[in-house]
Amino acid sequence: EWASSNGFYTAVVTLAYDVVVSSSLRGLPVNAIYAPRLRINNGVVSGVDTSSFTRIEETPWCIGCGLCKRLVVKNLMNNLQVSRESVIAIGDGLPDACVFLETGYSIAIEPSKDLVARNASRTINGDEDPLIIIKDYYYRLQLQ
């Protein structure tokens with residue numbers, strides 16, 4: 001809610017399937033969800049809709065995700081015409097470390113690998129509140 005009231009565009013870019021993510025986020029002020037889509041016929045999952053996949057924007061540690069988070073974020077930044085510095089990414093895995101290369105600020109929350117932490121602007125391994133960190137970055141940007 002804080003992000004929405006301060007003019008943030010909030011996008012969730014995930015490798016979890018769309019039906020799981022959209023139901024989990026129902027009611028939250030999220031502008032967009034980018035996730036692999038499941039094919040559902042008569043209420044039965046019949047596979048993955050590969051048309052939701054993207055090409056890959058490789059990094060040295062690329063694991064070849066069907067939905068390249070880095071490419072999605074690059075395209076989103078271009079479409080919204082926002083600067084790198086105004087984008088904050090949060091994640092914990094290798095696909096998120098790829099996104100961290102594109103954004104002005106990144107937070108690794110209990111990262112799965114050291115490489116993820118090394119590519120993040122900030123790492124959280126305990127009880128720190130990511131929103132406090134985001135607010136701090138936002139207010140520093142406003143002062144510049």
Contact list for residues 62-96, test ring pair (Phe, Tyr, Trp, His ring centres under 6.0 Å), sequence neighbours left out: none
Pairs where residues 64-87 contributes a residue and the test ring pair (Phe, Tyr, Trp, His ring centres under 6.0 Å) is met, not counting sequence neighbours: none
Ser51 OG to Arg39 CZ distance, which is reported to the nearest 0.5 Å: 9.0 Å
Donor-acceptor pairs under 3.5 Å, side chain of residues 89-105 to any protein atom, not counting sequence neighbours: which ones?
unit_1	atom_1	unit_2	atom_2	d
Asp96	OD1	Lys69	NZ	2.6
Asp96	OD2	Asp92	N	3.0
Asp96	OD2	Gly93	N	2.9
Glu102	OE2	Arg70	NE	2.5
Glu102	OE2	Arg70	NH2	2.8
Thr103	OG1	Tyr105	O	3.3

Cluster check Val87, Val116: I/L/V/M/F/W/Y, side chain < 4.5 angstrom: no
Transitive ILVMFWY side-chain link Leu67 to Ile63, under 4.5 Å: no
Nearest-0.5 Å distance that lies between atom CG in Asn75 and atom CG in Asn79: 6.0 Å
Heavy-atom neighbours of Asp129 CG exceed 12 at 6.0 Å: yes
Leu143: side chain to side chain contact (heavy atoms under 4.5 Å, CB included) partners, not counting sequence neighbours: none
Give the table of side-chain donor-acceptor pairs shorter than 3.5 Å for residues 130-137, with sequence neighbours excluded, one pair per line with atom names and distance.
unit_1	atom_1	unit_2	atom_2	d
Asp136	OD2	Arg140	NE	3.2
Asp136	OD2	Arg140	NH2	3.4
Tyr137	OH	Glu85	O	2.6

For Asn6, side chain to side chain contact (heavy atoms under 4.5 Å, CB included) partners two or more places apart: Trp2, Phe8, Tyr138
Pairwise ring pair (Phe, Tyr, Trp, His ring centres under 6.0 Å) hits with a residue in residues 62-90, at least two apart: none
Qualifying residues under salt bridge (Lys or Arg N to Asp or Glu O under 4.0 Å), relative to Arg37, sequence neighbours excluded: Asp49
Minimal non-hydrogen separation, Ala117 against Ala108, with atom names: CA-CB, 4.4 Å
Side chain proximity check, Arg55 to Cys68, heavy atoms < 4.5 angstrom: no
Side chain to side chain contact (heavy atoms under 4.5 Å, CB included) involving Glu110 - partner list, sequence neighbours excluded: Asn125
ILVMFWY cluster, Tyr9 and Val72 together (side-chain gap under 4.5 Å): yes
Members besides Leu71 in its Ile/Leu/Val/Met/Phe/Trp/Tyr cluster (side-chain heavy atoms under 4.5 Å): none
Pair up each side-chain donor or acceptor in residues 12-21 with any protein partner under 3.5 Å, not counting sequence neighbours, and list the distances.
unit_1	atom_1	unit_2	atom_2	d
Thr14	OG1	Ala16	N	3.0
Asp18	OD1	Leu38	N	3.2

Enclosure of Glu1 CD (heavy-atom neighbours >12, cutoff 6.0 Å): no
Check: Asn119 and Ser106 side chains under 4.5 Å, non-hydrogen atoms: no
Pairs involving residues 23-82, ordered by first then second residue, that meet ring pair (Phe, Tyr, Trp, His ring centres under 6.0 Å) (sequence neighbours left out): none
